[in-house]
**Student:** 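Here you go, one structure.
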2 protein chains.
Amino acid sequence: MQANRFSQASAERCRARRLLDRIADKWSLYVIAVLGQGTKRFTELKREVDGISQRMLTVTLRGLERDGLVSRRVYAVMPPHVEYSLTEMGRTLLDRSTALLRWAEEHLDEIDAARASYDDRAKNVRSFD
Amino acid sequence: MQANRFSQASAERCRARRLLDRIADKWSLYVIAVLGQGTKRFTELKREVDGISQRMLTVTLRGLERDGLVSRRVYAVMPPHVEYSLTEMGRTLLDRSTALLRWAEEHLDEIDAARASYDDRAKNVRSFD
DNA sequence: CAGTATCCTAGCCGATACTG
DNA sequence: CAGTATCGGCTAGGATACTG
């Protein structure tokens, strides 16, 4: 055994779970991936993270800013101008999250096929009733 | 610009979101990381994925099985004996998810510090009321 | 041991309205 | 433009009880 490092250090693992709760939510990885393209304004983000509501974009950005993954720069002009970008730590996360997103893209068809097959089997089982 | 591949292919991105909804939930990445250690029985998983309820372990495993990421092997004995393991596709995801978990472990302290600092600044702002 | 089946609730998240 | 504030539906997910 001893397959990977994750198998040890249960205390660390418990701490890591807290972090996962933070970044493995519905939007964070997505926002980070988009910010990986470079600095963006609020409305740009809203447009590019498709499906996100204004509220959730605000909430997500605040969380990421609080965790030191995103920095927020306000220009005191009218109308307001606010820029978001990844911090250095944010960029280290970017590599990992992009890899995950890419994996998702690459395997979507395979997954869809697996689902169809699974649902088929389930239906056949039920048809024996 | 043209920072990364994720910046293109908005249609792909939209599809990838569906997948993210599936694996970026509270437990899936965690279960996959634990299964990365090797084949496990239901109760073993329940013990090692700390905090998961019986119900959520079942739900999560069914979802992963349906998506072709985990395979389930039942031995027709009494008491029941069921083994879970990663499929080949599951193992390709493992690398990515482990990288993410590891990142979380490595940056927990930095994040906690960022949070404390952020909350401090917020408190100071409010103290001007 | 490895599940189902119910019930129930905290809180996520979207919709809408308002502001500097 | 870039938010904040409020309300409410919905559902993820926990607790509990039961079974082959």
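Throughout, protein chains are lettered first and strands after them, A, B, ... in sequence-line order, and every chain is numbered starting at 1. Below, each value reflects all heavy atoms present in this structure, side chains not excepted, and no hydrogens, waters or symmetry copies. It should be emphasised that the depicted structure is a prediction, and the values quoted were computed from it without experimental measurement.
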**Student:** Can you tell me which residue pairs pass the salt bridge (Lys or Arg N to Asp or Glu O under 4.0 Å) test with a partner in residues 83-98 of chain A, sequence neighbours excluded?
**Tutor:**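 Checked against salt bridge (Lys or Arg N to Asp or Glu O under 4.0 Å) - neighbours excluded - no pair reaches residues 83-98 of chain A.
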**Student:** Between protein and nucleotides 11-18 of chain C, map the contacts as a letter string: B base, S sugar-phosphate only, - none, heavy atoms under 4.0 Å, written 5' to 3'.
**Tutor:** --BBB---
**Student:** Sort by first number and list every stem of DNA chain C: at least 3 consecutive Watson-Crick or G-U wobble pairs, both distances under 3.5 Å.
**Tutor:**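 Correct response: C:1-20 with D:1-20.
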**Student:** Can you measure B:K46 atom NZ to C:dG3 atom P for me and round it to whole angstrom units?
**Tutor:**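 Going from B:K46 (NZ) to C:dG3 (P), I get 13 Å.
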**Student:** Rounded to the nearest Å, what distance is computed from the CZ atom of residue B:R62 to the P atom of nucleotide D:dG13?
**Tutor:**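 These atoms are roughly 17 Å apart.
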**Student:** What is the minimum heavy-atom distance between A:L57 and A:K46, and which atoms define it?
**Tutor:**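 Shortest heavy-atom separation between A:L57 and A:K46 comes out as CD2-N, 3.5 Å.
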**Student:** From the list D:dC1, D:dG3, C:dC1, which nucleotide is the closest neighbour of the side chain of A:T43?
**Tutor:**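 So the nucleotide nearest the side chain must be D:dC1.
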**Student:** Just to verify, what does B:S117 make a side-chain hydrogen bond (donor to acceptor under 3.5 Å, both in side chains) with, not counting sequence neighbours?
**Tutor:**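 Partners of B:S117 under the side-chain hydrogen bond (donor to acceptor under 3.5 Å, both in side chains) test: B:R121.
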**Student:** So B:Y30 and B:W27, would you call those rings parallel, tilted or perpendicular, with 30° and 60° as cut-offs?
**Tutor:**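 Perpendicular.
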**Student:** Which parts of residues 64-86 of chain A get close to DNA chain C, meaning a heavy atom less than 4.0 angstrom away?
**Tutor:**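 A:P80, in order of number.
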**Student:** State whether the side chain of A:E106 and the backbone N or O of A:W103 hold a donor-acceptor pair below 3.5 Å, judged by distance alone.
**Tutor:**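 No, because the side chain of A:E106 does not come within donor-acceptor range (under 3.5 Å) of the backbone of A:W103.
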**Student:** Test of understanding: clusters of I, L, V, M, F, W, Y form through side-chain heavy atoms closer than 4.5 Å, transitively. Do B:V82 and B:L69 belong to the same one?
**Tutor:**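 Yes, one cluster joins them.
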**Student:** Please check this pair: side chain of A:S28 against backbone of A:D25, looking for a donor-acceptor N/O pair closer than 3.5 Å.
**Tutor:**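 Checked: no pair found.
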**Student:** Check whether any side-chain N or O of A:R41 sits under 4.0 Å from OP1 or OP2 of D:dA2, and answer yes or no.
**Tutor:**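 Looking at the OP1 and OP2 atoms of D:dA2, one of them is under 4.0 Å from a side-chain N or O of A:R41.
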**Student:** Between C:dC1 atom C1' and B:K40 atom NZ, what is the distance in whole Å?
**Tutor:**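 Result: 17 Å.
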**Student:** Provide, to the nearest angstrom, the distance between the CG atom belonging to A:L61 and the P atom belonging to D:dC1.
**Tutor:**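 Between P of D:dC1 and CG of A:L61: 16 Å.
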**Student:** Which residues pass the side-chain hydrogen bond (donor to acceptor under 3.5 Å, both in side chains) test with A:S85, sequence neighbours left out?
**Tutor:**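 side-chain hydrogen bond (donor to acceptor under 3.5 Å, both in side chains) check on A:S85 returns A:S71.
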**Student:** Parallel under 30°, tilted from 30 to 60°, perpendicular over 60°: which one fits the rings of A:F42 and A:Y84?
**Tutor:**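 Rings of A:F42 and A:Y84: tilted, as their planes differ by 30° to 60°.
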**Student:** Would you please test B:L100 and A:L93 for side-chain contact (heavy atoms from CB on, under 4.5 Å) and show each step?
**Tutor:** CA-CA 8 Å; B:L100 202 63; A:L93 175 56; 3.7 Å; yes
**Student:** Where is the tightest heavy-atom contact between B:L35 and B:L45, given as atom of each residue plus distance?
**Tutor:**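 Distance-wise, the nearest heavy atoms are CD2-CD2, 3.9 Å.
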**Student:** What is the distance, rounded to the nearest whole Å, between atom CZ of B:F42 and atom C1' of D:dG20?
**Tutor:**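 Taking CZ of B:F42 and C1' of D:dG20, I get 15 Å after rounding.
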